[in-house]
Amino acid sequence: MADRITVIGWDGTPLTEAAASALAGATLVAGAPFQLAALPVPPGAERIALGSVRAAARRIVEHRGTAVVVAEGDPGFFGVVRTLRRPEYGLELEVLPAVSSVAAAFARAGMAWEDAQVVSAHGGRLRRAANVCRAHTKVAVLTTADAGPSELALMLRGVHRTFVVCEALGTPEEDVTVLTSDRVPDHDWRDPSVVLVIGGTPPAVDEAAGWLAGRPVAFPGGDRGWALPADAYAGAGTPAGPADGDTALPPHVRALALARLGPVPGDLVWTVGAGSGALAVETARFGAAVVAVESDRAACARIGVNARRYGVEVDVVHGAVPDILGGLPEPDAVAVERGGVRVVSAVLARRPERLVAVAHTLAEAEAIHGAVAAAGYRVDGTLLQSAPLTAAPGASSGLTLGPGEHTAVLWGELPS
(Lines give C-alpha, C1' and ligand atoms only; values in the text may rest on other atoms or scores of the structure.)
Protein backbone atom coordinates (compact mmCIF):
# COMPACT_ATOMS: atom_id res chain seq x y z
CA MET A 1 0.00 0.00 0.00
CA ALA A 2 1.11 3.56 -0.65
CA ASP A 3 3.01 5.14 2.24
CA ARG A 4 0.77 8.23 2.19
CA ILE A 5 -2.43 8.91 0.25
CA THR A 6 -3.59 12.50 -0.23
CA VAL A 7 -6.82 13.46 -1.96
CA ILE A 8 -6.63 16.97 -3.37
CA GLY A 9 -9.75 18.87 -4.29
CA TRP A 10 -9.02 21.31 -7.10
CA ASP A 11 -11.33 24.06 -8.32
CA GLY A 12 -8.97 25.60 -10.86
CA THR A 13 -7.44 28.12 -8.46
CA PRO A 14 -3.75 27.91 -7.37
CA LEU A 15 -3.04 24.95 -5.09
CA THR A 16 -2.64 25.56 -1.38
CA GLU A 17 0.82 25.10 0.10
CA ALA A 18 -0.20 21.73 1.57
CA ALA A 19 -1.65 20.50 -1.72
CA ALA A 20 1.36 21.69 -3.74
CA SER A 21 3.73 19.96 -1.32
CA ALA A 22 1.78 16.67 -1.49
CA LEU A 23 1.74 16.76 -5.28
CA ALA A 24 5.46 17.57 -5.52
CA GLY A 25 6.33 14.48 -3.48
CA ALA A 26 3.97 12.06 -5.22
CA THR A 27 5.16 8.93 -6.98
CA LEU A 28 1.66 8.15 -8.28
CA VAL A 29 -0.93 10.73 -9.33
CA ALA A 30 -4.50 9.89 -10.34
CA GLY A 31 -6.84 12.47 -11.84
CA ALA A 32 -8.87 13.47 -14.86
CA PRO A 33 -6.79 13.96 -18.04
CA PHE A 34 -7.29 17.74 -18.01
CA GLN A 35 -6.12 17.87 -14.38
CA LEU A 36 -3.02 15.78 -15.07
CA ALA A 37 -2.20 18.12 -17.96
CA ALA A 38 -2.78 21.35 -16.01
CA LEU A 39 -1.12 20.54 -12.68
CA PRO A 40 2.64 20.21 -11.98
CA VAL A 41 2.79 16.43 -11.78
CA PRO A 42 6.36 15.24 -11.00
CA PRO A 43 8.02 13.95 -14.19
CA GLY A 44 8.81 10.53 -12.74
CA ALA A 45 5.41 9.92 -11.16
CA GLU A 46 3.06 7.23 -12.46
CA ARG A 47 -0.05 8.81 -13.97
CA ILE A 48 -3.51 7.25 -13.83
CA ALA A 49 -6.39 8.79 -15.80
CA LEU A 50 -9.25 8.67 -13.34
CA GLY A 51 -12.00 6.86 -15.24
CA SER A 52 -12.78 4.12 -12.73
CA VAL A 53 -12.15 5.17 -9.13
CA ARG A 54 -12.23 1.53 -8.06
CA ALA A 55 -9.54 0.59 -10.54
CA ALA A 56 -7.42 3.49 -9.28
CA ALA A 57 -7.98 2.37 -5.68
CA ARG A 58 -6.79 -1.16 -6.49
CA ARG A 59 -3.64 0.25 -8.11
CA ILE A 60 -3.00 2.49 -5.10
CA VAL A 61 -3.26 -0.54 -2.80
CA GLU A 62 -0.48 -2.19 -4.84
CA HIS A 63 1.68 0.95 -5.05
CA ARG A 64 4.74 1.49 -2.92
CA GLY A 65 5.34 5.19 -2.54
CA THR A 66 3.30 8.36 -2.11
CA ALA A 67 -0.03 8.63 -3.93
CA VAL A 68 -2.12 11.68 -4.76
CA VAL A 69 -5.66 11.59 -6.13
CA VAL A 70 -6.90 14.83 -7.70
CA ALA A 71 -10.66 15.44 -7.73
CA GLU A 72 -12.95 18.33 -8.55
CA GLY A 73 -13.87 20.75 -5.79
CA ASP A 74 -14.73 18.97 -2.57
CA PRO A 75 -13.87 15.26 -3.04
CA GLY A 76 -15.99 14.35 0.00
CA PHE A 77 -19.20 15.69 -1.56
CA PHE A 78 -20.47 13.27 -4.23
CA GLY A 79 -16.78 12.65 -4.87
CA VAL A 80 -14.06 10.02 -4.79
CA VAL A 81 -13.63 9.83 -1.02
CA ARG A 82 -16.61 7.52 -0.55
CA THR A 83 -15.17 4.93 -2.96
CA LEU A 84 -11.60 5.23 -1.74
CA ARG A 85 -12.77 4.66 1.84
CA ARG A 86 -14.47 1.34 1.03
CA PRO A 87 -13.38 -1.29 3.60
CA GLU A 88 -11.91 -3.69 1.03
CA TYR A 89 -9.16 -1.19 0.12
CA GLY A 90 -8.12 -0.36 3.68
CA LEU A 91 -6.86 3.08 2.63
CA GLU A 92 -6.21 5.89 5.09
CA LEU A 93 -6.67 9.27 3.47
CA GLU A 94 -5.69 12.87 4.03
CA VAL A 95 -8.25 15.06 2.27
CA LEU A 96 -7.47 18.63 1.18
CA PRO A 97 -10.76 20.01 -0.19
CA ALA A 98 -11.49 23.03 -2.35
CA VAL A 99 -14.82 24.75 -2.98
CA SER A 100 -17.34 22.19 -4.21
CA SER A 101 -18.61 22.56 -7.76
CA VAL A 102 -22.16 22.94 -6.39
CA ALA A 103 -21.14 25.81 -4.10
CA ALA A 104 -19.25 27.41 -7.01
CA ALA A 105 -22.27 27.07 -9.32
CA PHE A 106 -24.63 28.76 -6.86
CA ALA A 107 -22.01 31.44 -6.25
CA ARG A 108 -21.82 32.15 -9.99
CA ALA A 109 -25.63 32.42 -10.00
CA GLY A 110 -25.58 34.69 -6.93
CA MET A 111 -28.02 32.44 -5.06
CA ALA A 112 -28.26 30.97 -1.58
CA TRP A 113 -28.36 27.19 -1.62
CA GLU A 114 -29.04 25.83 1.85
CA ASP A 115 -32.60 25.23 0.63
CA ALA A 116 -31.51 23.41 -2.54
CA GLN A 117 -31.71 19.71 -3.30
CA VAL A 118 -28.44 18.25 -4.65
CA VAL A 119 -28.63 15.14 -6.81
CA SER A 120 -26.28 13.19 -9.03
CA ALA A 121 -27.16 11.80 -12.46
CA HIS A 122 -24.19 9.40 -12.29
CA GLY A 123 -24.82 5.68 -12.35
CA GLY A 124 -27.94 5.72 -14.53
CA ARG A 125 -29.92 7.94 -12.17
CA LEU A 126 -30.93 10.63 -14.67
CA ARG A 127 -34.65 9.82 -14.44
CA ARG A 128 -34.63 10.00 -10.64
CA ALA A 129 -32.67 13.26 -10.78
CA ALA A 130 -35.27 14.66 -13.19
CA ASN A 131 -38.06 13.61 -10.82
CA VAL A 132 -36.43 15.58 -8.01
CA CYS A 133 -36.36 18.59 -10.38
CA ARG A 134 -40.09 18.10 -10.98
CA ALA A 135 -40.82 18.05 -7.26
CA HIS A 136 -38.58 20.90 -6.04
CA THR A 137 -38.00 24.51 -6.95
CA LYS A 138 -34.20 24.64 -6.56
CA VAL A 139 -32.03 21.65 -7.52
CA ALA A 140 -28.36 21.23 -8.38
CA VAL A 141 -27.67 18.29 -10.69
CA LEU A 142 -24.20 16.80 -11.09
CA THR A 143 -24.23 15.62 -14.69
CA THR A 144 -22.20 13.17 -16.78
CA ALA A 145 -21.14 13.02 -20.42
CA ASP A 146 -24.17 10.87 -21.34
CA ALA A 147 -26.58 12.42 -18.82
CA GLY A 148 -25.97 16.11 -19.35
CA PRO A 149 -28.08 19.27 -19.51
CA SER A 150 -29.79 18.31 -22.79
CA GLU A 151 -30.80 14.84 -21.58
CA LEU A 152 -32.07 16.32 -18.33
CA ALA A 153 -34.12 18.96 -20.15
CA LEU A 154 -35.68 16.32 -22.40
CA MET A 155 -36.68 14.34 -19.32
CA LEU A 156 -38.44 17.49 -18.06
CA ARG A 157 -40.25 18.34 -21.28
CA GLY A 158 -43.52 20.05 -20.51
CA VAL A 159 -42.26 21.24 -17.09
CA HIS A 160 -41.14 24.88 -17.22
CA ARG A 161 -37.82 25.47 -15.48
CA THR A 162 -34.84 27.77 -15.81
CA PHE A 163 -31.47 26.06 -16.30
CA VAL A 164 -28.20 27.59 -15.13
CA VAL A 165 -25.60 25.47 -16.90
CA CYS A 166 -22.10 25.81 -15.43
CA GLU A 167 -19.41 24.27 -17.63
CA ALA A 168 -15.77 23.67 -16.72
CA LEU A 169 -15.99 25.60 -13.45
CA GLY A 170 -12.69 26.98 -12.24
CA THR A 171 -10.89 26.54 -15.56
CA PRO A 172 -10.01 29.13 -18.22
CA GLU A 173 -12.85 27.63 -20.34
CA GLU A 174 -15.48 28.23 -17.64
CA ASP A 175 -18.85 29.25 -19.03
CA VAL A 176 -22.18 29.94 -17.29
CA THR A 177 -25.33 29.96 -19.43
CA VAL A 178 -28.90 30.73 -18.35
CA LEU A 179 -31.70 29.30 -20.53
CA THR A 180 -35.28 28.13 -20.23
CA SER A 181 -35.47 24.34 -20.20
CA ASP A 182 -37.10 24.12 -23.66
CA ARG A 183 -34.04 25.75 -25.27
CA VAL A 184 -31.39 23.64 -23.52
CA PRO A 185 -31.45 20.67 -25.96
CA ASP A 186 -30.56 23.03 -28.83
CA HIS A 187 -26.99 23.42 -27.51
CA ASP A 188 -23.91 21.22 -27.26
CA TRP A 189 -22.59 21.13 -23.70
CA ARG A 190 -19.18 20.23 -22.35
CA ASP A 191 -18.49 17.79 -19.56
CA PRO A 192 -18.05 18.21 -16.65
CA SER A 193 -20.94 20.50 -15.84
CA VAL A 194 -23.23 21.37 -12.96
CA VAL A 195 -26.81 22.33 -13.75
CA LEU A 196 -28.98 24.43 -11.47
CA VAL A 197 -32.68 23.81 -12.17
CA ILE A 198 -34.82 26.65 -10.85
CA GLY A 199 -38.55 27.33 -10.97
CA GLY A 200 -42.01 26.29 -9.87
CA THR A 201 -43.94 27.26 -6.76
CA PRO A 202 -41.72 28.40 -3.85
CA PRO A 203 -42.33 26.52 -0.59
CA ALA A 204 -44.97 28.16 1.60
CA VAL A 205 -42.55 28.85 4.46
CA ASP A 206 -40.83 31.93 5.82
CA GLU A 207 -37.22 32.08 4.58
CA ALA A 208 -36.08 33.04 8.08
CA ALA A 209 -37.48 29.79 9.45
CA GLY A 210 -35.16 27.60 7.40
CA TRP A 211 -32.68 25.65 9.49
CA LEU A 212 -32.25 22.22 7.88
CA ALA A 213 -30.10 22.24 4.74
CA GLY A 214 -31.55 20.61 1.65
CA ARG A 215 -34.83 19.62 3.30
CA PRO A 216 -37.63 22.15 2.81
CA VAL A 217 -40.21 22.12 5.57
CA ALA A 218 -42.83 19.56 4.53
CA PHE A 219 -45.55 20.63 6.94
CA PRO A 220 -45.83 24.44 6.99
CA GLY A 221 -47.88 26.22 9.61
CA GLY A 222 -50.04 24.04 11.80
CA ASP A 223 -50.87 21.41 9.15
CA ARG A 224 -48.31 18.85 10.25
CA GLY A 225 -48.70 15.26 9.12
CA TRP A 226 -50.81 13.69 6.43
CA ALA A 227 -54.29 12.19 6.05
CA LEU A 228 -55.62 15.64 6.96
CA PRO A 229 -59.37 16.18 7.32
CA ALA A 230 -61.26 16.63 4.06
CA ASP A 231 -61.99 20.28 4.84
CA ALA A 232 -58.23 21.00 4.75
CA TYR A 233 -58.50 20.91 0.95
CA ALA A 234 -60.43 23.33 -1.23
CA GLY A 235 -63.41 21.65 -2.86
CA ALA A 236 -63.09 18.49 -0.80
CA GLY A 237 -65.69 19.16 1.85
CA THR A 238 -68.88 18.31 -0.03
CA PRO A 239 -70.35 14.82 -0.10
CA ALA A 240 -70.24 13.29 -3.55
CA GLY A 241 -70.45 10.03 -5.41
CA PRO A 242 -67.51 8.17 -6.93
CA ALA A 243 -67.76 10.01 -10.26
CA ASP A 244 -67.72 13.51 -8.77
CA GLY A 245 -64.45 15.37 -9.38
CA ASP A 246 -65.03 17.49 -6.27
CA THR A 247 -64.39 14.81 -3.67
CA ALA A 248 -61.31 13.69 -1.76
CA LEU A 249 -60.62 10.23 -0.45
CA PRO A 250 -61.45 9.99 3.27
CA PRO A 251 -58.44 10.61 5.53
CA HIS A 252 -58.10 6.98 6.67
CA VAL A 253 -58.14 5.79 3.04
CA ARG A 254 -55.45 8.32 2.12
CA ALA A 255 -53.33 7.12 5.05
CA LEU A 256 -53.41 3.53 3.80
CA ALA A 257 -52.83 4.59 0.19
CA LEU A 258 -49.74 6.58 1.19
CA ALA A 259 -48.41 3.66 3.22
CA ARG A 260 -48.69 1.35 0.21
CA LEU A 261 -47.39 3.90 -2.32
CA GLY A 262 -44.31 4.61 -0.17
CA PRO A 263 -43.41 7.88 -1.97
CA VAL A 264 -39.81 9.10 -1.60
CA PRO A 265 -37.67 11.75 -3.38
CA GLY A 266 -36.77 10.56 -6.87
CA ASP A 267 -40.09 8.75 -7.38
CA LEU A 268 -42.73 9.83 -9.86
CA VAL A 269 -46.27 9.06 -8.72
CA TRP A 270 -49.49 9.36 -10.70
CA THR A 271 -52.79 9.98 -8.93
CA VAL A 272 -55.55 9.15 -11.42
CA GLY A 273 -59.04 10.50 -10.86
CA ALA A 274 -57.42 12.91 -8.44
CA GLY A 275 -60.55 14.86 -7.43
CA SER A 276 -59.54 17.81 -5.26
CA GLY A 277 -55.94 16.56 -5.17
CA ALA A 278 -55.74 15.71 -1.47
CA LEU A 279 -53.83 12.47 -2.08
CA ALA A 280 -51.67 14.14 -4.76
CA VAL A 281 -50.69 16.95 -2.39
CA GLU A 282 -49.93 14.60 0.49
CA THR A 283 -47.81 12.42 -1.80
CA ALA A 284 -45.86 15.49 -2.91
CA ARG A 285 -45.26 16.46 0.71
CA PHE A 286 -43.15 13.31 1.03
CA GLY A 287 -40.80 14.70 -1.67
CA ALA A 288 -41.98 12.65 -4.65
CA ALA A 289 -42.81 14.15 -8.04
CA VAL A 290 -46.57 13.92 -8.66
CA VAL A 291 -48.74 13.97 -11.77
CA ALA A 292 -52.43 14.40 -10.90
CA VAL A 293 -54.81 13.30 -13.67
CA GLU A 294 -58.39 14.57 -13.59
CA SER A 295 -61.13 14.76 -16.23
CA ASP A 296 -63.07 17.55 -14.50
CA ARG A 297 -61.63 20.97 -15.38
CA ALA A 298 -62.96 22.67 -12.25
CA ALA A 299 -61.38 19.97 -10.09
CA CYS A 300 -58.05 20.54 -11.88
CA ALA A 301 -58.18 24.19 -10.80
CA ARG A 302 -58.81 23.13 -7.21
CA ILE A 303 -55.83 20.77 -7.30
CA GLY A 304 -53.66 23.76 -8.24
CA VAL A 305 -55.10 25.78 -5.33
CA ASN A 306 -54.40 22.98 -2.86
CA ALA A 307 -50.85 22.44 -4.15
CA ARG A 308 -50.06 26.15 -3.76
CA ARG A 309 -51.56 26.21 -0.28
CA TYR A 310 -49.18 23.50 0.89
CA GLY A 311 -46.19 24.73 -1.10
CA VAL A 312 -45.68 21.61 -3.23
CA GLU A 313 -45.28 20.92 -6.94
CA VAL A 314 -48.09 18.92 -8.56
CA ASP A 315 -48.28 18.60 -12.35
CA VAL A 316 -52.01 18.73 -13.10
CA VAL A 317 -53.12 17.00 -16.30
CA HIS A 318 -56.66 17.49 -17.60
CA GLY A 319 -58.00 14.82 -19.91
CA ALA A 320 -60.10 11.74 -20.40
CA VAL A 321 -58.82 8.63 -18.66
CA PRO A 322 -57.37 6.22 -19.73
CA ASP A 323 -56.58 7.86 -23.11
CA ILE A 324 -54.51 10.66 -21.57
CA LEU A 325 -52.20 8.24 -19.73
CA GLY A 326 -50.16 7.34 -22.80
CA GLY A 327 -48.44 10.73 -22.89
CA LEU A 328 -47.40 10.82 -19.23
CA PRO A 329 -43.84 10.23 -17.99
CA GLU A 330 -43.00 6.79 -16.61
CA PRO A 331 -44.38 6.26 -13.08
CA ASP A 332 -42.79 4.48 -10.15
CA ALA A 333 -46.14 4.20 -8.39
CA VAL A 334 -49.76 4.92 -9.27
CA ALA A 335 -52.89 5.55 -7.21
CA VAL A 336 -56.17 5.02 -9.08
CA GLU A 337 -58.72 6.93 -7.02
CA ARG A 338 -61.57 6.48 -9.52
CA GLY A 339 -62.01 4.66 -12.79
CA GLY A 340 -62.36 0.99 -11.96
CA VAL A 341 -60.76 -1.95 -13.70
CA ARG A 342 -60.60 -0.21 -17.11
CA VAL A 343 -58.26 2.48 -15.77
CA VAL A 344 -56.33 0.02 -13.61
CA SER A 345 -55.65 -2.17 -16.68
CA ALA A 346 -54.33 0.85 -18.60
CA VAL A 347 -52.04 1.72 -15.68
CA LEU A 348 -50.75 -1.84 -15.39
CA ALA A 349 -49.62 -1.66 -19.03
CA ARG A 350 -47.02 0.94 -17.89
CA ARG A 351 -45.63 -1.50 -15.28
CA PRO A 352 -45.27 0.77 -12.23
CA GLU A 353 -43.49 -0.82 -9.30
CA ARG A 354 -46.42 -0.17 -6.98
CA LEU A 355 -50.14 0.33 -7.53
CA VAL A 356 -52.97 1.36 -5.21
CA ALA A 357 -56.58 1.27 -6.41
CA VAL A 358 -59.77 2.33 -4.66
CA ALA A 359 -62.89 0.29 -5.45
CA HIS A 360 -66.35 1.67 -4.82
CA THR A 361 -68.21 -1.64 -4.99
CA LEU A 362 -67.34 -5.21 -4.07
CA ALA A 363 -67.75 -6.28 -7.70
CA GLU A 364 -65.30 -3.57 -8.77
CA ALA A 365 -62.83 -4.70 -6.10
CA GLU A 366 -63.03 -8.28 -7.36
CA ALA A 367 -62.41 -7.20 -10.97
CA ILE A 368 -59.44 -5.03 -9.98
CA HIS A 369 -57.95 -7.82 -7.84
CA GLY A 370 -58.12 -10.21 -10.79
CA ALA A 371 -56.56 -7.72 -13.23
CA VAL A 372 -53.66 -6.91 -10.90
CA ALA A 373 -52.95 -10.57 -10.20
CA ALA A 374 -53.13 -11.46 -13.90
CA ALA A 375 -50.53 -8.76 -14.63
CA GLY A 376 -48.00 -10.61 -12.43
CA TYR A 377 -48.20 -8.38 -9.36
CA ARG A 378 -48.37 -9.50 -5.76
CA VAL A 379 -51.80 -8.27 -4.79
CA ASP A 380 -53.60 -7.69 -1.52
CA GLY A 381 -56.45 -5.56 -0.27
CA THR A 382 -58.71 -4.65 2.59
CA LEU A 383 -62.17 -3.29 3.25
CA LEU A 384 -61.96 -0.20 5.44
CA GLN A 385 -65.03 0.51 7.54
CA SER A 386 -65.33 3.70 9.52
CA ALA A 387 -67.84 5.82 11.40
CA PRO A 388 -67.07 9.20 12.96
CA LEU A 389 -67.34 9.68 16.72
CA THR A 390 -69.47 12.73 17.45
CA ALA A 391 -70.96 14.31 20.54
CA ALA A 392 -74.58 13.34 21.08
CA PRO A 393 -76.90 16.24 20.13
CA GLY A 394 -78.01 18.20 23.18
CA ALA A 395 -75.91 16.15 25.57
CA SER A 396 -73.22 17.66 27.78
CA SER A 397 -71.14 14.49 27.51
CA GLY A 398 -71.06 11.21 25.67
CA LEU A 399 -70.24 10.17 22.13
CA THR A 400 -72.26 8.67 19.40
CA LEU A 401 -71.38 7.00 16.10
CA GLY A 402 -72.03 8.99 12.97
CA PRO A 403 -73.06 7.48 9.63
CA GLY A 404 -70.76 4.62 8.65
CA GLU A 405 -68.98 4.11 5.34
CA HIS A 406 -66.81 1.44 3.77
CA THR A 407 -64.16 1.59 1.07
CA ALA A 408 -62.20 -1.21 -0.59
CA VAL A 409 -58.51 -0.52 -1.13
CA LEU A 410 -56.32 -2.87 -3.18
CA TRP A 411 -52.60 -2.71 -3.80
CA GLY A 412 -50.11 -4.51 -5.96
CA GLU A 413 -46.34 -4.69 -6.11
CA LEU A 414 -44.08 -6.08 -8.80
CA PRO A 415 -41.97 -9.01 -7.56
CA SER A 416 -38.34 -8.05 -6.95
Side-chain angles (χ1 to χ4, degrees), residues 117 119 126-137 139 152-161 181-182 197 199-201 226 233 235-236 245 248-249 254 257-258 260-339 342-358 411-412:
Q117 308 296 309
V119 296
L126 177 63
R127 191 179 74 86
R128 297 192 68 79
N131 288 339
V132 173
C133 295
R134 287 176 175 272
H136 296 277
T137 60
V139 183
L152 179 62
L154 290 171
M155 280 276 183
L156 291 171
R157 58 186 177 274
V159 179
H160 179 75
R161 292 291 186 269
S181 51
D182 58 313
V197 183
T201 305
W226 53 91
Y233 298 97
L249 294 177
R254 274 182 271 131
L258 286 164
R260 297 306 180 189
L261 289 171
V264 296
D267 282 352
L268 177 65
V269 181
W270 297 353
T271 60
V272 183
S276 64
L279 181 60
V281 168
E282 293 183 347
T283 301
R285 293 174 88 189
F286 281 89
V290 179
V291 176
V293 183
E294 176 54 56
S295 58
D296 183 275
R297 194 173 293 278
C300 287
R302 286 188 282 273
I303 296 171
V305 170
N306 288 320
R308 288 190 293 274
R309 173 179 177 179
Y310 290 100
V312 294
E313 292 289 306
V314 175
D315 184 9
V316 183
V317 176
H318 171 257
V321 179
D323 300 340
I324 195 71
L325 302 181
L328 301 184
E330 293 302 313
D332 296 285
V334 179
V336 178
E337 301 186 51
R338 299 192 314 276
R342 179 167 172 258
V343 173
V344 168
S345 296
V347 166
L348 290 170
R350 298 293 291 271
R351 309 300 289 173
E353 293 177 10
R354 299 173 303 284
L355 167 76
V356 172
V358 177
W411 55 90

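Predicted, not measured: the structure shown is a model, and the values here were computed from it.
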Going by the rule side chain to side chain donor-acceptor pair (under 3.5 Å), which residues pair with R134 if we only count those two or more places apart in sequence or in a different chain? none

Return the set of residues passing side chain to side chain contact (heavy atoms under 4.5 Å, CB included) with A284 (not counting sequence neighbours), or none when no residue passes. V290, V312, V314

Nearest heavy-atom neighbours spanning C300 and V317: SG-O, 4.3 Å

For R354, which residues count as a salt bridge (charged side-chain N to carboxylate O under 4.0 Å, His left out) partner, sequence neighbours excluded? D267

Between N131 and G266 the two heavy atoms that sit nearest each other are ND2-O, 2.9 Å

Nearest heavy-atom neighbours spanning C133 and L156: CB-CD1, 3.8 Å

Restricting to non-hydrogen atoms, name the atom on A130 and the atom on M155 that form the minimum distance, rounded to 0.1 Å. CB-CB, 3.6 Å

Between R338 and E294, does any NZ, NE, NH1 or NH2 come within less than 4.0 Å of an OD or OE carboxylate oxygen? yes

May I ask you to test the Y310-R285 pair for a side-chain heavy-atom distance under 4.5 Å? yes

Any chance you could measure T283, atom OG1, to L258, atom CG, to the nearest 0.5 Å? 4.5 Å

By salt bridge (charged side-chain N to carboxylate O under 4.0 Å, His left out), which residues pair with R350, not counting sequence neighbours? E330

With a 3.5 Å distance limit and no angle check, can you tell me whether R302 reaches the backbone of S276 through a side-chain donor-acceptor pair? no

Would you say that R309 contacts V305 through its side chain, given a criterion of any heavy-atom pair below 4.5 Å between the two side chains? no

Going by heavy atoms in the side chains, are V321 and I324 under 4.5 Å from each other? yes

Of all the heavy-atom pairs spanning A299 and G275, show the shortest one and how long it is. CB-O, 3.5 Å

Rounded to the nearest 0.5 Å, the CZ atom of R260 sits from the CG atom of L355 at a distance of 13.0 Å

Under the rule for side chain to side chain contact (heavy atoms under 4.5 Å, CB included), what residues qualify as partners of S345, not counting sequence neighbours? V341, A371

Kindly say whether S181 contributes a backbone atom to a donor-acceptor pair with the side chain of R157 at under 3.5 angstrom? no

Mind checking whether W270 and L325 have side chains closer than 4.5 Å, heavy atoms only? yes

Salt bridge (charged side-chain N to carboxylate O under 4.0 Å, His left out) partners of E353, counting only residues at least two apart: none

Heavy atoms of R254 and Y233 approach each other most closely as NH1-CE1, 3.7 Å

Check side chain to side chain donor-acceptor pair (under 3.5 Å) between D315 and all other residues, then give those that pass, not counting sequence neighbours. none

Those residues that, when tested against A357, pass side chain to side chain contact (heavy atoms under 4.5 Å, CB included) (two or more places apart): V336, V344, I368

Residue pairs, two or more places apart or on separate chains, that pass salt bridge (charged side-chain N to carboxylate O under 4.0 Å, His left out) and touch residues 268-278: none

Quick one: do I303 and H318 satisfy side chain to side chain contact (heavy atoms under 4.5 Å, CB included)? Show the steps, please. CA-CA 11 Å; I303 296 171; H318 171 257; over 6 Å; no

Sub-4.5 Å side-chain heavy-atom contact between L249 and E337: yes

Does any part of the side chain of D332, heavy atoms only, come nearer than 4.5 Å to the side chain of V269, both counted from C-beta? no

Can you name the residues that form a side chain to side chain donor-acceptor pair (under 3.5 Å) with R161, not counting sequence neighbours? E313

Among residues at least two apart in sequence or on other chains, which ones pass side chain to side chain contact (heavy atoms under 4.5 Å, CB included) with R351? A375, Y377, L414

